[in-house]
Amino acid sequence: MSVINTLANQYYIYIRRGQKPIPWNIYDVNPPINFGSATYFTKVLQTIEDSFLVTGLTFYITWDEIDELPSYGKDVVVLVIGDEWYRIPKYTHKVRAVFKCIGTRPMLGCNVFRQPSLLNFLTLIQFLRVLLVSSPGFINYYFHKFKNFLSGKNTLGRIYDIPLGYNNSKDLPIKNIEDRLYETYFSGSVIHIPYPVWSLKYWLGTPKILARKLMISSLKNFQKKNPDLKIELSITGGFRNRTSEDERSYCEIMMDTKVCLIPRGTSFETTRLFEAMKYGCILVTETLPSRWYLDGAPVIQIKNWHDLGKILETLLDNQQLMQELHQKSLNWWKYKCSEGIVANYIIEKLSGDIPVWKQHIANSSMSLTPP
């Protein structure tokens, strides 16, 4: 008998409609397909499996397939990892639950009328486009919810938000904030898709491109005024273009960084946020969405990257504040976003029929919640 058949649950990676689901032994070192956040969700699923609290389920892990699945039923659970359109999957009413990164509630994140700018205008355009693309799934979900209400049934699958986790985050010893080499650090892409010359995005840019250009410009200005400070800036073609040596260096520099800059990507929530949090960096980020794992997070939310210099000066001149934010970042990761906490959250949502005393014993043995 193969290892995958001895698991309490079955796990499959499902890429696209019409393709066969790929069986996944979650205890293998490498998944059959190395999707984003694979290491993070491998540890999440292993914790779920080791708990023995949810059994007999079929888990489909997909990047952004929201139209159909190979099978349906109250034994089917779906993890949607990479859909940046905030869509509600069409099959939600056919499965037990959907756990979705990035969520299903798009946010604008700016006031176009009070703060008019090209960046905010393009952000509004992108927001409206997301609303248009996500509206069919929204209508479908609430149509089935209304049908359930009329029939008195409670068969509609629930949708839950979960963190993106990390694309790459080696387990390194946590370095004290005052001993770190770099005052601030950013490594990432600005333009990772070469738009054709006839595209409006080629001429106007996108919210991601403009936000990151503003951040880089402000950081370079700050660097000119403070040449003695150690500032690391590395522009890449995107995380998929990194070599294994790049990944190692990325982790080591991140661990040696005091303040990590986290500009938006296509969405406001990015893996860099959780990578930096895990390493105890001080986080300077743009507006964040309202999520159970982000509400109240110890981050500095910047409204305009032109203000970056002032924020860095304030932070770097206050060692006590930096130490406090460093420890809060570590604690927030441990108690809100770590693999064990997310596994516990999924177990809780899937195990409503499990007696309370069993849940208490399991939670105590796994030590997934703070005292």
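Being a predicted model, the structure only gives us computed values, none of them experimental.
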Exercise. Start with the C-alpha distance between L315 and I300, add both sets of side-chain angles, then the distance that settles side chain to side chain contact (heavy atoms under 4.5 Å, CB included), and finish with yes or no.
Key: CA-CA 10 Å; L315 285 171; I300 297 170; 3.6 Å; yes
Is it the case that [X] and [Y] place a side-chain donor and acceptor less than 3.5 Å from each other?
X: D307; Y: N304; answer: no
X: N167; Y: Y250; answer: no
X: E269; Y: Y293; answer: yes
X: E49; Y: N9; answer: yes
X: Y12; Y: Q10; answer: yes

Please list all pairs meeting salt bridge (Lys or Arg N to Asp or Glu O under 4.0 Å) that have one or both residues in [range], counting only residues at least two apart or in different chains.
range: residues 308-332; result: none
range: residues 110-129; result: none
range: residues 67-82; result: R17-D67, D67-K90

Practice problem: Please lay out, stage by stage, how Y27 and D50 fare under the test side chain to side chain donor-acceptor pair (under 3.5 Å). | Solution: CA-CA 11 Å; Y27 293 99; D50 294 342; 2.4 Å; yes
Self-check item: Residues in salt bridge (Lys or Arg N to Asp or Glu O under 4.0 Å) contact with R158, at least two apart in sequence or another chain
Solution: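 R158 satisfies salt bridge (Lys or Arg N to Asp or Glu O under 4.0 Å) with no other residue.
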Quiz item: Got a sec, which residues hit salt bridge (Lys or Arg N to Asp or Glu O under 4.0 Å) with E183, two or more places apart in sequence or on another chain?
Solution: K258
Shortest non-hydrogen separation from [X] to [Y] and the atoms involved:
X: D161; Y: G103; answer: OD1-CA, 3.4 Å
X: L261; Y: F186; answer: O-CD1, 3.7 Å
X: K43; Y: T47; answer: O-OG1, 2.9 Å
X: I162; Y: V342; answer: CG2-CG1, 4.2 Å
X: V80; Y: D64; answer: CG1-CA, 4.3 Å

Does a sphere of radius 6.0 Å around [atom1] in [X] hold more than 12 heavy atoms from other residues, nucleotides or ligands, not counting ones at 6.0 Å or beyond?
X: F35; atom1: CZ; answer: yes
X: L200; atom1: CG; answer: no
X: E178; atom1: CD; answer: yes

Just to verify, what does [X] make a ring pair (Phe, Tyr, Trp, His ring centres under 6.0 Å) with, not counting sequence neighbours?
X: Y345; result: W292
X: F149; result: none
X: F138; result: Y142
X: F41; result: none

Quiz item: Could you give all pairs that pass the side-chain hydrogen bond (donor to acceptor under 3.5 Å, both in side chains) test and reach residues 205-231, with sequence neighbours left out?
Solution: S189-K208, H192-K208
With heavy-atom distances below 4.5 Å as the criterion, would you say the side chains of [X] and [Y] are in contact?
X: I235; Y: I216; answer: yes
X: Y60; Y: P21; answer: yes
X: T62; Y: L79; answer: no
X: L350; Y: L57; answer: yes
X: C260; Y: R272; answer: yes
X: V76; Y: V78; answer: yes
X: S134; Y: W85; answer: no
X: V95; Y: V77; answer: no

Quiz item: Between CG of N331 and NZ of K334, what distance do you get to the nearest 0.5 Å?
Solution: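 NZ of K334 is found 7.0 Å from CG of N331.
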For residues 280-288, run the donor-acceptor check on the side chains, cut-off 3.5 Å, and write out each pair with its distance to 0.1 Å, sequence neighbours left out.
residue	atom	partner	partner atom	Å
T285	OG1	I262	O	3.2
E286	OE2	R264	N	2.8
E286	OE2	W305	NE1	3.0

Quiz item: Which residues pass the side chain to side chain contact (heavy atoms under 4.5 Å, CB included) test with T92, sequence neighbours left out?
Solution: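 Only I88, P89, V98, Y141, I159 meet the side chain to side chain contact (heavy atoms under 4.5 Å, CB included) criterion with T92.
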Exercise. Begin with the C-alpha distance, continue with both residues' side-chain angles, and end with the deciding distance and a verdict on side chain to side chain contact (heavy atoms under 4.5 Å, CB included) for L330 and H326.
Key: CA-CA 7 Å; L330 292 173; H326 161 67; 3.7 Å; yes
Exercise. Evaluate side chain to side chain contact (heavy atoms under 4.5 Å, CB included) for Y86 paired with I102, printing each intermediate quantity in order.
Key: CA-CA 7 Å; Y86 299 87; I102 304 176; 3.7 Å; yes
Quiz item: Got a donor-acceptor contact below 3.5 angstrom from the T55 side chain to the F52 backbone?
Solution: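 Such a contact is absent between T55 side chain and F52 backbone.
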Quiz item: Would you say the ring centroid of F274 lies under 6.0 angstrom from that of W332?
Solution: no
